[in-house]
Amino acid sequence: MEGPRLSSSSLLFWLAVCMLSLAPNKLVLGLDPNNPGYISIDCGALNNYTNPDLQIYYETDDGYIDSGEKKQVSSDDMGKGFRASAKTLREFPDGVRNCYTIPPTTTTSNKGSTKYLIRASFYYGNYDNQNRTMKFDLYIGVNYWTTVDFSDPGSYIHKEIIHVVPPTEDAIQVCLVNTGNGTPLISSLELRQLAGTMYPSDDQFPTLALHKRINMGNTAYESMFRHPSDLYDRLWDVDDTDDGGAQSWAWNGPSPPALNRTNDAYKVPRGVLETFIMMENSYDLSLFWKAHVPRASKWISYLHFAELEDVSSPREFTIYCNDVFLKTISLDYLVPITVPTNQFTSDIGFKFKFVTNSSSYVSSPPPIVNAIELYYLLDISTIPTDLNDVNAMKGTKRAYNVTNKSWQGDPCVPTNFTWDGVKCSTENPPRITSLNLSSYGLKGKIADALANLTALISLDLSSNQLTGPIPELLAKLPNLNILNLSGNNLTGPIPESLQKKIIDGKLELRVADNPYLCLEDSCKPKKKRNSFVVPVIAVGSGLIVILSIALAIIWTLLMKKGKGQEGTIKLKNRPFTYNEVLKITDHFKTVIGKGGFGMVCLGTLANSTNVAVKMLSQTSKQGRKEFQAEAELLMIVHHRNLVSLVGYCDDAKNMALIYELMENGNLRQHLSDQSCNAQVLTWNERLRIAIDAAQGLDYLHNGCKPPIIHRDLKTLNILLNKSMQAKIADFGLSKAFAAENDSNISTRPAGTPGYLDPEYQSSGSLNMKSDVYSFGVILFELITGHPAMIRSASCSIHILQWVTPIIERRDIHSIVDPRLAGKFSVNSAWKMVEIAMSCVPTTAVMRPDISHVLAELKECWAIEMASERSQVIMMRQKT
Ligand SMILES: *[C@@H]1O[C@H](CO)[C@@H](O)[C@H](O)[C@H]1NC(C)=O
Ligand SMILES: *[C@@H]1O[C@H](CO)[C@@H](O)[C@H](O)[C@H]1NC(C)=O
Ligand SMILES: *[C@@H]1O[C@H](CO)[C@@H](O)[C@H](O)[C@H]1NC(C)=O
Ligand SMILES: *[C@@H]1O[C@H](CO)[C@@H](O)[C@H](O)[C@H]1NC(C)=O
Ligand SMILES: *[C@@H]1O[C@H](CO)[C@@H](O)[C@H](O)[C@H]1NC(C)=O
Ligand SMILES: *[C@@H]1O[C@H](CO)[C@@H](O)[C@H](O)[C@H]1NC(C)=O
Ligand SMILES: *[C@@H]1O[C@H](CO)[C@@H](O)[C@H](O)[C@H]1NC(C)=O
Ligand SMILES: *[C@@H]1O[C@H](CO)[C@@H](O)[C@H](O)[C@H]1NC(C)=O
Ligand SMILES: *[C@@H]1O[C@H](CO)[C@@H](O)[C@H](O)[C@H]1NC(C)=O
Ligand SMILES: *[C@@H]1O[C@H](CO)[C@@H](O)[C@H](O)[C@H]1NC(C)=O
């Protein structure tokens, strides 16, 4: 051993380099066979090459990134030795976040995780002749890593972490984030797989960011050790710290015999261990580093020791870290050891003390330190997006060659970098719930990868140039609620499975402006329609009652037959442009009503059919959803007692639904019309209306699978056509029954006071029986002529509160609408009251199914018919 010597270590380095250049170069392009677990990317390089000094194979970065531009530095001092990879760089003038995506090599540890040393290097080299300074952020995946600060344009910056890639991630992403302080750039990216036993190996492996890795005792800048001296290609910095008066030393004389590395996982290069610091004749060595790293709160350090002199008595000393006892060690000749510290906190720096035990003063040489590594723990608590979603988005990006600048790195997180058009849930890991690629210039087929986004609720592919059929696969997305395919050039029919979701009320599908898409029944082989010929019966007076009942039975049969037919989907309606809407309504000339959403105008189609055009007023925000819900339902639900949709208009600004015209308005207006010359609805008409409405509702409940709940049945929503046939309207609030258990669909309060199921009001649970309750209220309105809420100057009471005491008095003439002036059969009136009563128990389970109500009403109708006939007969007999 000799005194302080500054240049001995540099000699060692050059020796190492010489030996290297003698080694034969057997590296193969495309792989780095001599260095398994190495991935070396020379950013901006034009060719792959092997660096002979380092014996490392460098690849171009083409396969790892699809943004940025290649540049070459203007300084000539680059290009040699271990700085060769700094000669070129990639700059990122566009986009906030740009990411390298690196699939790890296949060798994984037993837990399926892979531990990597990841080093990013940056050299500006005045490549743009701007001599600029810059500052940008570096992210490892979705977590902040560090800030690269080029306050000196000449600096060569390395950032290094030790990071474990869990088996749930299939790629490492390194992202450069433009924070508005200059265009980011990068010179190289190097990954070195580490042994699982090196550095902490817990399950909860922390990501360690390197603060310093110092080759103690080496002050010569030209002798920075790395590969091939270091198996793991760590960069061992020169010792430029304040060593508190300690001197730098190097082991003297010819090389001692080989090191015993049996228990040495860290494999610190021999050259690094050959220098050290020590205070001559002192048994108390202190080291201090000032360190303030923003966002770093927990630290961990690795201290490396090796005795390369065969001393008579082993070196033995105790280590303190920030004044806390760490360990007492004894160095065995030629056996390197590494002592990790515990995790500790520090705001100002680290103090290490190495003290020889007083009992050992006489025999033990003074303490030494050969190398030190200082790391801080990175906060990597942000969890990346679900891997399947990430892969599906990558597949989508590839399928359509999406070059949007924001499509870099993780699709969802951090939230200020979420990809354009993507919306995510806040769960962990985040899921992609909405994808809006409207007007993205997408070409080709609808990508299969989209069907792998299994958490999607909304998918908007409108206004692109998509071709081919609508894939059946999309129906497999369990939560998909909105699918907008309008404005493309799709072909073929709408797949059955999607149609089913529409019927089930689970999906809103928009397909407008796909001229070759087939919405007609003609796409499918037509089902033969059974035609029932209702026999014309010559009515003899004596047989009338029997015949009437028989008619009712035939009618019931017909209805049952018809149901199957009407349950099949017919997308007969067609899209209208706003201009067409203007034309058919003659610029909204005739307003025939006003709905909850906006005005209703009279329209005339080219074939001179009159229609009602319901416009969604542009101020109605909430309305748009309900409006669309109604349109989607009406597109697929067809029944003679449901108002049918002729067409719709849905462009960015205007929405309109075009219905068959219901000339006679709504039922409420007929029941409340008090003017003397008004046509009072006859009892017979009221019965017919009740039966029509019950049929419509029966279709919704029992003809549709799963059942559809109307949710807002009321006399205002029962419309009458020219021949006084009643049809149910206003599907804005309707929901498919099966969807009700789906927590994704909010069950916001619905309906209208007076008609609302009391059980629903209190419990919020909604079922078909809620519609039955509303229907019962409608029956009472038909019977009494009163509205659901009877208002007087001072108060208002519910129709049930009003009618119940009168029913109890059994005063049928006070119950039935006085405007009928007694023109009804008492029997059928009582029957109707009974049916109505059966619909309105407070407890839902006590209410009958609408099919039962319908059957009862038909019976009631038969009674009425029989009674009318018998009256006619009686009158005849009188005359
Ligand atoms: C560089 O090597 C990679 C494989 O490691 C290969 O895909 C790529 O084509 C090569 N690039 C050039 C420019 O030879
Ligand atoms: C580049 O800028 C630095 C300060 O940022 C300055 O010291 C240096 O002289 C400049 N070099 C050139 C060539 O302009
Ligand atoms: C190497 O060191 C270990 C203990 O660390 C010891 O058991 C072993 O015998 C040593 N090997 C040699 C060849 O000295
Ligand atoms: C050295 O000193 C420390 C505390 O001062 C003590 O815990 C340790 O046992 C001592 N080691 C030996 C080998 O005496
Ligand atoms: C993808 O887009 C880029 C940039 O617009 C273009 O250069 C490239 O040729 C496109 N690739 C394909 C496969 O369409
Ligand atoms: C992203 O958001 C974080 C905190 O929400 C903020 O600190 C950071 O500056 C933002 N980054 C960019 C590039 O906007
Ligand atoms: C998709 O984005 C367009 C505008 O880019 C917007 O008009 C449309 O409403 C969005 N779709 C959905 C489902 O949010
Ligand atoms: C692409 O991304 C930018 C933001 O990065 C956004 O403003 C733009 O609307 C996006 N869409 C398309 C189709 O380019
Ligand atoms: C969808 O995901 C499965 C399973 O992850 C995968 O096998 C399949 O290739 C993916 N499909 C597409 C088109 O990406
Ligand atoms: C749309 O598709 C049809 C049939 O596949 C084709 O004839 C037509 O040219 C396409 N139109 C556009 C604008 O691509």
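Predicted model, so just to flag it, every value in this text is computed and none were measured. In each ligand, atom 1 is the first atom listed, and ligand 1 is the first ligand listed. Only heavy atoms go into these numbers, but all of them, side chains included; no hydrogens, no water, no symmetry mates.
- Using bins of under 30°, 30° to 60° and over 60° for the plane-to-plane angle, the ring pair F92/Y100 lands in the perpendicular bin.
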Practice item. Carefully, step by step, assess E496 and K501 under the rule salt bridge (Lys or Arg N to Asp or Glu O under 4.0 Å). Key: CA-CA 9 Å; E496 294 269 356; K501 292 197 87 165; over 6 Å; no
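- The distance criterion of under 3.5 Å between nitrogen or oxygen atoms is met by N48 with respect to ligand 1.
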Practice item. Quick one: do D42 and K87 satisfy salt bridge (Lys or Arg N to Asp or Glu O under 4.0 Å)? Show the steps, please. Key: CA-CA 9 Å; D42 184 350; K87 198 171 165 186; over 6 Å; no
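- Among the atoms of N436, some N or O lies under 3.5 angstrom from an N or O of ligand 7.
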For ligand 9, what N or O to protein N or O distances fall under 3.5 Å?
from: ligand 9; atom 1: 2 (O); to: N452; atom 2: OD1; distance (Å): 3.3
from: ligand 9; atom 1: 2 (O); to: N452; atom 2: ND2; distance (Å): 2.2
from: ligand 9; atom 1: 11 (N); to: N452; atom 2: ND2; distance (Å): 3.0

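- Of the N and O atoms on the side chains of S121 and R83, not one donor lies less than 3.5 Å from an acceptor on the other residue.
- Using a 4.0 Å heavy-atom cutoff, Y57 is listed among the residues neighbouring ligand 1.
- The environment of K583 atom NZ is sparse: at most 12 non-hydrogen atoms of other residues, nucleotides or ligands sit within 6.0 angstrom.
- Distances below 4.0 Å separate heavy atoms of L46 from the following atoms of ligand 1: 13 (C).
- With Y38 as the aromatic partner, R192 meets the cation-pi criteria of under 6.0 angstrom to the ring centre and within 45 degrees of the ring axis.
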Check your understanding: Going through the checks in order, is the salt bridge (Lys or Arg N to Asp or Glu O under 4.0 Å) test met by R119 and D233?
Key -> CA-CA 10 Å; R119 179 168 52 232; D233 194 28; 2.9 Å; yes
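- Within the 4.0 Å heavy-atom shell around ligand 1 one does not find D62.
- Residue E59 places at least one N or O, backbone or side chain, under 3.5 Å from an N or O of ligand 1.
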Point to revise | Worked verdict on D230 versus R226 for salt bridge (Lys or Arg N to Asp or Glu O under 4.0 Å) | key: CA-CA 5 Å; D230 189 333; R226 63 179 290 185; over 6 Å; no
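- For ligand 7, none of its N or O atoms has an N or O atom of S458 under 3.5 Å away.
- Between R398 and D66 there is no salt bridge, since none of the side-chain N atoms of the basic residue sits less than 4.0 Å from a carboxylate O of the acidic one.
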